[in-house]
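Take a look at the structure below.
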Amino acid sequence: MTAIRTRYAPSPTGDPHVGNIRTAVFAWAMARANGGQFLLRIEDTDQARLVPGSIEAIYTSLRWLGIDWDEGPDIGGPHAPYVQSQRLAKYQGAAAKLIAEGRAYRCYCTAERLDAMRAAQSAAKQPPGYDGRCRDLASAESERRSQLEPFTVRFKMRKTGQTVLRDLIRGDVTFENALQDDFVALKSDGFPTYHLALIVDDTEMRITHAIRGEEWISSAPKHLQLYNAMGLEPTAFAHLPLIVGADRKKLSKRSGDTALLDYVRGGYLPAAMLNFLVLLGWSLDDKTSIISREELLAHFSIDRVVANPALFDIERLNFLNGHYIRQIETRDWEREVHDWAERQLPPSIPRPLDRELLAEVAPLLHERTATLGDIAPSITFLFGDEAPEYDPATLSEKVGGTSEAVRILDAALLALDAVDAAGWDKAAMEQAIRGLEGPLKMKLRKFVSVLYVAIMGKAQGIPLFDSVAILGRERTLSRLRKARHLLE
RNA sequence: GGCGCGUUCGUCUAGAGGCCCAGGACGCCGCCCUUUCAAGGCGGAGAUCGGGGGUUCGAAUCCCCCACGCGCUACCA
């Protein structure tokens with residue numbers, strides 16, 4: 001059996017979104033799981049839709065996830081070039097051959113005529129489709145006009161019988177040929193359409209399995225017939241279920257389109273994203289919900305891919321991200337905290353940041369972080385003299401009234417003022433604050449919220465004793481006084 | 001409109017005739033732990049397997065019909 005070769009063939013029309021990347025993940029995983037090769041090919045046949053920078057975004061997205069390719073535009077390979085705009089002669093040759101063999105024809109219909117035709121069809125409630133005006137043009141006339149007019153090359157679909165797609169995920173899908181349309185294979189600008197380029201490239205690049213999104217399934221008969229007309233053996237096909245947004249529609253520019261790189265910027269981990277993506281449509285067994293890259297590559301199999309669309313559930317991604325964050329080793333975690341703090345703390349805070357301080361809070365943050373983007377907001381209170389701004393009402397929210405809050409603040413002030421700067425550490429803080437239970441006749445867990453708010457501006461965050469110890473005597477006392485004033 | 005694909009807890013899924021009065025995970029709820037919040041532990045609610053007909057001793061699993069959702073219907077991919 002020949003080795004499996006799959007490819008990811010995005011068009012450079014912007015930052016790839018997660019649905020698109022998921023296709024890459026599956027194609028890659030299938031190749032790797034079977035000891036095959038994975039290729040990257042750029043499908044830039046639509047010159048009008050090119051977006052500068054897209055190719056770099058594709059590389060970056062793939063590399064971030066740890067998806068590696070054996071052949072591609074950047075590293076070359078035996079079937080270079082891997083960019084379709086650099087392979088035009090191949091497609092044009094294929095089109096010419098098709099014409100010579102009577103399997104395709106030049107079409108001189110203008111875009112305007114085509115539009116009018118479709119409008120008329122739709123008005124008459126007829127199914128839209130090319131009406132075949134140029135299908136039977138005499139070859140001499142076609143030849144002559146080709147010197148004078150622009151033309152496209154249309155493929156002559158067989159209009160009788162059926163075409164059967166043997167899909168790896170869905171089984172046999174049958175299409176009536178009578179309903180098929182003569183599609184454009186080569187555009188008037190000399191560029192191929194996806195359909196032609198696909199066949200030419202997948203064949204030449206020895207692709208064994210075409211793995212693509214479900215939106216391609218209806219054009220499968222075109223591809224199958226093209227392969228057939230060109231006397232080529234088609235690849236196997238696997239049409240992946242769509243990833244849909246909250247509205248249950250395909251992820252797209254219009255509907256919750258989310259570029260993978262947005263998640264990178266948001267502080268998601270590649271391992272979490274990979275884990276998340278691969279379980280959208282595939283499963284290892286009835287139990288596994290956490291899966292490593294290694295396990296994935298050892299066990300991925302295309303026949304465990306389901307056919308129904310999957311919803312992109314951010315809650316699930318967040319859980320996985322938190323899970324993977326907790327797996328990070330202490331030193332690496334300190335580095336992440338440092339990097340993300342440097343990057344995301346307000347610019348008003350002087351850089352470079354105090355590394356020792358960050359190393360001190362890092363462990364406190366570890367269990368409380370879902371995305372790396374959460375880091376900076378949870379530690380800003382440690383920088384600067386004042387606590388972040390807060391609504392004074394939150395001070396007394398949990399203790400039942402302003403006077404209670406005042407009583408608590410006064411007691412805390414008294415107790416903490418008694419600790420001198422030299423003895424100001426976590427143990428002393430704990431002793432002093434716990435010691436308030438007696439005089440206040442109140443449980444620590446009850447009154448502590450007042451202190452949290454006074455110190456860090458909100459009632460939840462990293463542990464109080466650590467916070468005030470790190471903050472130091474002056475800033476702690478001044479924040480407590482400030483809170484006290486706010487209540488007057 | 002036509003063609004195609006799909007339909008198991010809110011979500012992702014397991015399930016390929018009896019192991020299923022349907023399992024796991026996220027989310028949700030409760031309890032425990034606890035200086036808050038998390039994290040962690042334990043427990044719970046949650047799916048008459050889209051509906052209706054069959055086949056069978058027996059169906060989420062096989063067949064048919066229907067409904068709904070989505071995709072495609074370009075000189076875009």
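Throughout, a chain's letter reflects where its sequence line sits, starting with A, and its residues are numbered from 1.
Across all strands, A:Arg212 comes closer than 4.0 Å to no nucleic acid atom at all (heavy-atom distances). Within 4.0 Å (heavy atoms only), A:Leu279 reaches sugar-phosphate atoms of the nucleic acid but no base atom. In this structure, A:Pro192 reaches the sugar-phosphate backbone alone: every heavy-atom distance under 4.0 Å involves primed, P, OP1 or OP2 atoms, never a base. In this structure, A:Cys109 reaches the bases: a heavy-atom distance under 4.0 Å links it to at least one base atom across the strands shown. Counting any heavy atom pair closer than 4.0 Å across all strands shown, A:Ser188 reaches a base atom. No engagement by A:Thr13 is indicated, since no non-hydrogen atom pair under 4.0 Å with the nucleic acid exists.
In this structure, A:Lys90 does not pair ionically with A:Asp201, as no charged nitrogen and carboxylate oxygen lie closer than 4.0 Å. In this structure, A:Lys159 pairs ionically with A:Asp182, as a charged nitrogen and a carboxylate oxygen lie closer than 4.0 Å. Between A:Glu214 and A:Arg170, at least one side-chain N (NZ, or NE/NH1/NH2) sits under 4.0 Å from a carboxylate O, which counts as a salt bridge. Between A:Asp466 and A:Lys426 a salt bridge is recorded (basic side-chain N to carboxylate O distance below 4.0 Å). Salt-bridge formation is not detected for the pair A:Asp410/A:Arg407: no Lys NZ or Arg NE/NH1/NH2 atom is positioned less than 4.0 Å from an Asp or Glu carboxylate oxygen.
Separation of the P atoms belonging to B:U7 and B:A14 is 10 Å when rounded to the nearest angstrom. B:U61 and B:A25 have their C1' atoms separated by 23 Å, given to the nearest Å. For the P atom pair drawn from B:G24 and B:A47, the interatomic distance equals 15 Å after rounding to whole Å.
Atom CZ of A:Arg158 is surrounded by 12 or fewer heavy atoms from other residues, nucleotides or ligands within 6.0 Å. Annotation: A:Arg166, atom CZ; neighbour count of heavy atoms from other residues, nucleotides and ligands within 6.0 Å does not exceed 12. Around NZ of A:Lys97, the count of heavy atoms belonging to other residues, nucleotides or ligands within 6.0 Å does not exceed 12.
As the counterpart of B:A14, no nucleotide is assigned, since no Watson-Crick or G-U wobble pattern has both distances under 3.5 Å. B:C42 is paired with B:G30 under the criterion used here, namely a Watson-Crick or G-U wobble arrangement in which both key atom distances are under 3.5 Å. If you check B:G1 for Watson-Crick or wobble pairing at under 3.5 angstrom, you find it paired to B:U73. B:A67 and B:U7 make up a base pair, with Watson-Crick or G-U wobble contacts both under 3.5 Å. As the counterpart of B:G58, no nucleotide is assigned, since no Watson-Crick or G-U wobble pattern has both distances under 3.5 Å.
The aromatic rings of A:His223 and A:His195 sit tilted relative to each other, their planes meeting at an angle between 30° and 60°.
In this structure, A:Leu251 atom CG and B:C12 atom C1' are separated by 15 Å, rounded to whole Å. Whole-Å rounding puts the A:Glu430 CD to B:U34 P distance at 12 Å. Nucleotide B:A77 holds its P atom 11 Å from the CG atom of A:Leu186, rounded to whole Å. Between the C1' atom of B:C70 and the CD atom of A:Glu214 lies a distance of 7 Å, rounded to the nearest Å. Nucleotide B:A39 holds its P atom 13 Å from the CG atom of A:Leu320, rounded to whole Å. Atom pair A:Gln84:CD and B:C76:P shows a separation of 13 Å (rounding to whole Å applied). Between the NZ atom of A:Lys398 and the C1' atom of B:U36 there is a distance of 7 Å, rounded to whole Å. Atom CD1 of A:Ile243 is separated from atom C1' of B:U11 by 14 Å (rounded to the nearest Å).
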Taking N or O atoms only and anything under 3.5 Å, show me the protein contacts with nucleotides 41-43 of chain B, one pair per line.
none

Protein-nucleic acid N or O pairs under 3.5 Å, nucleotides 72-74 of chain B:
unit_1: B:C72; atom_1: OP1; unit_2: A:Lys250; atom_2: NZ; d: 2.9
unit_1: B:C72; atom_1: O4'; unit_2: A:Ser218; atom_2: OG; d: 3.4
unit_1: B:C72; atom_1: O2'; unit_2: A:Ser218; atom_2: OG; d: 3.4

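Checked against a 6.0 Å centroid threshold, the rings of A:Trp282 and A:Phe300 count as neighbours.
Map A:Val306 and A:Ala9 each onto its nearest nucleotide of RNA chain B; the residue landing nearer the 5' end is A:Val306. For A:Ser283 and A:Thr152, each mapped to the nucleotide of RNA chain B holding its nearest heavy atom, the one lying further toward the 5' end belongs to A:Ser283.
Residues forming a side-chain hydrogen bond (donor to acceptor under 3.5 Å, both in side chains) with A:Arg49 (at least two apart in sequence, or on another chain): A:Asp46. Checked against ring-ring contact (aromatic ring centres under 6.0 Å, His included), A:Tyr91 has no partners two or more places apart in sequence or in another chain. Judged as a side chain to side chain contact (heavy atoms under 4.5 Å, CB included), and not counting sequence neighbours, the contacts of A:Arg475 are A:Asp385, A:Leu471, A:Arg479. Considering only residues two or more places apart in sequence or on other chains, A:Ala104 meets the side chain to side chain contact (heavy atoms under 4.5 Å, CB included) condition with A:Leu98, A:Ile99, A:Val153.
Note on A:Ser289: every side-chain N or O is 4.0 Å or more away from OP1 and OP2 of B:U13. Using a 4.0 Å cut-off, some side-chain N or O of A:Arg326 falls inside it from OP1 or OP2 of B:G40. Between A:Lys426 and the phosphate of B:U35, there is no side-chain N or O to OP1/OP2 separation shorter than 4.0 Å. The side chain of A:Arg434 places an N or O atom within less than 4.0 Å of a non-bridging phosphate oxygen (OP1 or OP2) of B:U35.
When each of B:C70, B:U13, B:A38 is scored by its nearest atom to the side-chain atoms of A:Glu367, the top-ranked nucleotide is B:A38.
Listed for the A:Ser54 side chain is a donor-acceptor partner under 3.5 Å among the backbone atoms of A:Gly14.
In the region residues 444-461 of chain A, proximity to RNA chain B at under 4.0 angstrom, judged on heavy atoms, holds for A:Leu444, A:Arg445, A:Val448, A:Tyr452, A:Ala459, A:Gln460, A:Gly461. Using a 4.0 Å cutoff on non-hydrogen atoms, the parts of residues 311-319 of chain A near RNA chain B are A:Leu311, A:Asp313, A:Glu315, A:Arg316, A:Phe319, ordered by number. Within residues 156-178 of chain A, the residues having any heavy atom under 4.0 Å from RNA chain B are, by residue number, A:Arg170, A:Val173, A:Thr174, A:Phe175.
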Using distance only, find each side-chain donor-acceptor pair of residues 310-321 of chain A under 3.5 Å and give its atom names and separation, not counting sequence neighbours.
unit_1: A:Asp313; atom_1: OD1; unit_2: A:Glu315; atom_2: N; d: 3.2
unit_1: A:Asn318; atom_1: OD1; unit_2: A:Tyr268; atom_2: OH; d: 2.5
unit_1: A:Asn318; atom_1: ND2; unit_2: A:Ile314; atom_2: O; d: 3.4

Only distances under 3.5 Å count here; give the side-chain donor-acceptor pairs of residues 430-446 of chain A to other protein atoms, sequence neighbours excluded, each with its distance to 0.1 Å.
unit_1: A:Glu430; atom_1: OE2; unit_2: A:Arg434; atom_2: NE; d: 2.7
unit_1: A:Glu430; atom_1: OE2; unit_2: A:Arg434; atom_2: NH2; d: 2.9
unit_1: A:Glu437; atom_1: OE2; unit_2: A:Leu444; atom_2: N; d: 2.7

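With hydrogens and angles ignored, a donor-acceptor pair closer than 3.5 Å exists between the side chain of A:Arg368 and the base of B:U36.
The ring-ring contact (aromatic ring centres under 6.0 Å, His included) pairs that include a residue from residues 149-173 of chain A are A:Tyr108-A:Phe151, A:Phe155-A:Phe183, where partners are two or more places apart or lie in different chains.
One distance of note links OG of A:Ser85 with CD of A:Glu43; it measures 11.0 Å at 0.5 Å rounding.
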